[in-house]
Trainee: 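This is the structure, below, for whatever I ask next.
Because the structure is a prediction, the values reported are computed rather than measured. Below, read A as the first sequence line, B as the second, and so on, with proteins coming before strands; counting in each chain starts at 1. The basis for the numbers below is simple: all heavy atoms, side chains too, and nothing from hydrogens, waters or symmetry mates.
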Amino acid sequence: MTLRLYNTLTKKKEKFVPIKEGKIGIYVCGITAYDVCHIGHARSAVVFDVIYRYLKYRDYEVTYVKNFTDVDDKIIGKANAEGTDIYDISERYIKEHNEDMDRLGVVRPTVSPKATDNINGMIRLIGTLMEKGLAYVVDGDVYYSVEKFEGYGKLSGRGLDDMLAGARIDVDVKKKNPFDFVLWKSSKEGEPWWDSPWGRGRPGWHIECSVMSQRFLGDTFDIHGGGEDLIFPHHENEIAQSEGATGKPFATYWIHNGFIKVDSEKMSKSLGNTLTIKEILAAYHPEVVRFFILQSHYKSYIDFSDASIAEARVGMERVYTMLKNIKDALNEGADLSDTSEKDLSGEDEKVWGKVSTLPDRFREAMDDDFNTAMAMGYIFDTVRIINGYISKNFAPTRESLFVLNEARERIRELGKVLGLFLEDPDEYFEKDKEREARKSDLDVEEVERLIDERKRARESKDWHRADELRDLLSAMGIIIKDTSISTTWKVK
RNA sequence: GGCGGCAUAGCCAAGUGGCUAAGGCAACGGUCUGCAAAACCGUUAUUCACCGGUUCGAGUCCGGUUGCCGCCUCCA
């Protein structure tokens, strides 16, 4: 089986062929550290996290680089406003970023370089571009001359002439062409600066990624990723810088994730509808957030709303209910060491057939441009099969327990790739209950008192009173579940 | 103005030439249950925005129409 992925550069789904067999270098543009991360950052991070995990699952040796932009106008602005320096600001938001990502279960990249640790490299690269005649200096600013780079626009699919036609860009008299972009900016009063051959200044936005990708992955590497908004101008400019300097191809494959909208509107600071990761994690389990993101293909836009994330929570419960069913059936005591699939027959064998092929189907889906939506569809098929298996005439034999145990192993193995289904089901439901109770301001003691009262009513077969109490709880948003030994509850 | 994307059931969402159009949520009927809940079984798109075309065969390819959206300015 071969991995195929959609390449923004060619606008086609292509067979993936790494530069060095068995090894993959991937570079993803990270955040500018000037504010807390929002749900959009979460999507990008989760999408590339799953890509990273899947490539490793497929036995590639992956070097994953994701940078932090720690010098930039907005960071400087915030530092000046707070009377501190840029490092104070960037370190604060990098720390917040890392906390958020850890909570979301996002695996740390192999390397997370910072722009300010690579200033010398940037100066060197800009020097090369000057030598090659691709850059020019005006009053201490260095600009990239886009007209000098053949192929400018190849990633975003637009030509310079097209763009000039109806361009909505400010005319900058210093630039030879309006699309020329700054490589090095002379620093003004109150701005951080570094010495350079062109005077004291600081780097432009795009140059850092060319330098850091080259440093950690080489002149040419396999995959470059980021949000779809970065295609132009950021990634286009990276190509111009890197290929202009080295004369070699930059990245082979370009992957861009789609945006998250909030209530069908683009999320933006100006609309005031940004939703931070912290806000969402206060209301939902991290796996629910991942599940919500991975339910759709990474390239399509997804619409975040209270209703859509709540629906993801319900879907998630379905999987954990199955894991709970397996856990209870196995009762953590069975010794299955001397059982194997050769011992199976009848229904056990049939279910085993479905269970054992799940990883193949999962892989087939993921190989097709990381189709997590389809992969999860297969997992849900398995959930239904297992629940059915347990519910009808289930006898806990050595064989059936073996099948259940194997099913759980498979789900967990694939869950590790998606970063899902990794909690103990009892803990999952316990946390969910706490979180939901907090959200709806429930008095948990009151709930448990009512459940206790209902329990007594049921024991004396006072069904009328028991139903009355259940209706009362239901009105409070509580759903109760009676089992042979106890009563459990959850928030609707 | 330029470039690009999307349109699949009540909602969300897979599916890019060929068995009965995945899966989730919701709804309804049934099994189970004191009654529920959960789970399971069944039902819910003869049809994939619309109109043409290519093909033995199209949701899937081509052309056109309509509608929605994104990028072109910092943005994941």
Side-chain angles (χ1 to χ4, degrees), chain A residues 8 11 13 28-32 34-35 37-48 72-74 153 156-159 161-170 179 205 225-234 236 256-261 264-270 274 291-292 295-297 299-303 305 307-308 310-319 321-322 324-325 361 365 368 371-381 383-392 458 461-464 466-467 470-471 474 478-484 487-490 492:
Chain A
T8 310
K11 298 189 170 43
K13 216 186 265 184
V28 174
C29 292
I31 60 153
T32 299
Y34 75 103
D35 206 347
C37 291
H38 53 64
I39 177 77
H41 296 110
R43 183 183 194 184
S44 183
V46 167
V47 161
F48 286 103
D72 146 277
D73 287 347
K74 287 188 289 287
S156 52
R158 45 190 109 192
D161 297 340
D162 295 337
M163 289 193 286
L164 282 171
R168 294 183 352 213
I169 48 171
D170 296 332
F179 288 98
W205 173 36
E228 65 179 9
D229 56 313
L230 298 179
I231 296 171
F232 189 89
H234 185 54
E236 197 69 70
H256 293 96
N257 68 275
F259 267 45
I260 287 191
K261 294 189 185 189
S264 306
E265 274 193 319
K266 185 185 168 177
M267 182 171 61
S268 74
K269 291 259 155 86
S270 51
T274 52
F291 180 84
F292 171 75
Q295 257 180 325
S296 301
H297 186 83
K299 272 204 308 291
S300 57
Y301 83 77
I302 46 183
D303 200 355
S305 65
S308 62
E311 196 180 284
R313 168 178 168 256
V314 178
M316 200 68 195
E317 266 178 21
R318 199 168 149 69
V319 180
T321 297
M322 180 214 61
K324 168 73 174 154
N325 290 343
R361 282 175 286 151
D368 186 10
N371 194 337
T372 52
M374 184 178 254
M376 296 213 298
Y378 289 138
I379 289 172
F380 274 97
D381 283 336
V383 167
R384 196 186 57 249
I385 287 163
I386 293 299
N387 280 335
Y389 181 51
I390 293 176
S391 67
K392 59 181 179 195
R458 291 183 74 224
K461 300 226 186 311
D462 182 355
W463 307 125
H464 179 74
D467 291 351
R470 187 176 52 215
D471 289 346
S474 176
I478 306 296
I479 295 175
I480 52 179
K481 178 184 174 186
D482 297 322
T483 69
S484 51
T487 295
T488 59
W489 63 277
K490 68 172 184 177
K492 179 142 181 55

Trainee: Using modelled atom types only, decide if a donor and an acceptor are shared between the side chain of A/Ser474 and the backbone of A/Arg470 within a distance under 3.5 Å.
Mentor: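 No, A/Ser474 side chain to A/Arg470 backbone: no donor-acceptor pair under 3.5 Å.
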Trainee: Taking only side-chain nitrogens and oxygens of A/Arg318, does any of them come within less than 4.0 Å of OP1 or OP2 of B/C40?
Mentor: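 Yes, because at least one side-chain N or O of A/Arg318 sits under 4.0 Å from OP1 or OP2 of B/C40.
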Trainee: For the pair A/His234 and A/Trp205, name the ring-plane relationship: parallel under 30°, tilted 30 to 60°, perpendicular over 60°.
Mentor: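 Plane angle under 30°, so parallel.
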Trainee: Is there a donor N/O on one and an acceptor N/O on the other, under 3.5 Å, for the side chain of A/Arg458 and the base of B/G34?
Mentor: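 Answer yes: a donor N or O sits under 3.5 Å from an acceptor.
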Trainee: Of the listed nucleotides (B/A76, B/G34, B/G23), which one gets closest to any side-chain atom of A/Trp463?
Mentor: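 For the A/Trp463 side chain, the nearest candidate turns out to be B/G34.
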Trainee: Using only heavy-atom distances, decide whether a donor-acceptor pair under 3.5 angstrom links the side-chain of A/Glu311 to the base of B/G24.
Mentor: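 Present.
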Trainee: On a heavy-atom basis, which atom in A/Phe291 and which in A/Met376 lie closest, and how many Å separate them?
Mentor: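 Scanning both residues, the minimum pair turns out to be O-CE, 3.8 Å.
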Trainee: Choosing from B/A76, B/G34, B/C40, which nucleotide comes nearest the side chain of A/Ile260?
Mentor: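 It is B/A76.
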Trainee: Mind running side chain to side chain donor-acceptor pair (under 3.5 Å) on A/Thr8 and A/His256 for me, showing each step along the way?
Mentor: CA-CA 7 Å; A/Thr8 310; A/His256 293 96; 2.8 Å; yes
Trainee: Give the nucleotide from the list B/G4, B/A76, B/A14 with an atom nearest to the side chain of A/Phe259.
Mentor: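 Among the listed nucleotides, the one closest to the side chain of A/Phe259 is B/A76.
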Trainee: Counting Watson-Crick and G-U wobble pairs whose two distances are both under 3.5 Å, find the runs of 3 or more in a row that involve RNA chain B.
Mentor: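 Stem list for RNA chain B: B:1-7 with B:66-72, B:10-12 with B:23-25, B:27-31 with B:39-43, B:49-53 with B:61-65.
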Trainee: OP1 or OP2 of B/A38 less than 4.0 angstrom from a side-chain nitrogen or oxygen of A/Asn325, does that happen here?
Mentor: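 No, because none of the side-chain N or O atoms of A/Asn325 sits under 4.0 Å from OP1 or OP2 of B/A38.
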Trainee: Would you find a donor on one side and an acceptor on the other, under 3.5 Å apart, between the side chain of A/Asp368 and the backbone of A/Asn371?
Mentor: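 Side chain of A/Asp368 to backbone of A/Asn371, a donor-acceptor pair under 3.5 Å: no, none is there.
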Trainee: Looking only at N and O atoms, is any donor in the side chain of A/Arg470 or the base of B/C35 less than 3.5 Å from an acceptor on the other one?
Mentor: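 In this structure, the two groups form a donor-acceptor pair.
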Trainee: Calculate the interatomic distance between A/His234 atom NE2 and B/G70 atom P; express it in whole Å.
Mentor: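 About 22 Å, once rounded to whole Å.
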Trainee: Of all the choices, B/C40, B/A26, B/A76, which nucleotide is nearest to the side chain of A/Asn257 once you look at every atom?
Mentor: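 For A/Asn257, the side-chain atoms sit closest to B/A76.
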Trainee: Counting only heavy atoms not in A/Lys11 (residues, nucleotides, ligands), do more than 12 fall under 6.0 Å from its NZ?
Mentor: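 It does: A/Lys11 NZ has more than 12 such atoms within range.
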Trainee: Could you tell me whether the side chain of A/Asp229 has a donor or acceptor atom within less than 3.5 Å of a complementary atom in the base of B/G70?
Mentor: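 Such a pair does not exist between side chain and base.
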Trainee: Can you find a donor-acceptor N/O pair under 3.5 angstrom joining the side chain of A/Lys74 to the base of B/C75?
Mentor: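 It does not, because no donor-acceptor pair links the side chain of A/Lys74 to the base of B/C75 below 3.5 Å.
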Trainee: Look at the side chain of A/Asp482 against the base of B/C35 and say whether a donor-acceptor pair falls under 3.5 Å; ignore hydrogens and angles.
Mentor: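 Looking at the base of B/C35, it does pair with a donor or acceptor on the side chain of A/Asp482 (distance under 3.5 Å).
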Trainee: Which one, B/A26, B/C69, B/G23, comes nearest to the side chain of A/Val314?
Mentor: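 Nucleotide nearest to A/Val314's side chain: B/A26.
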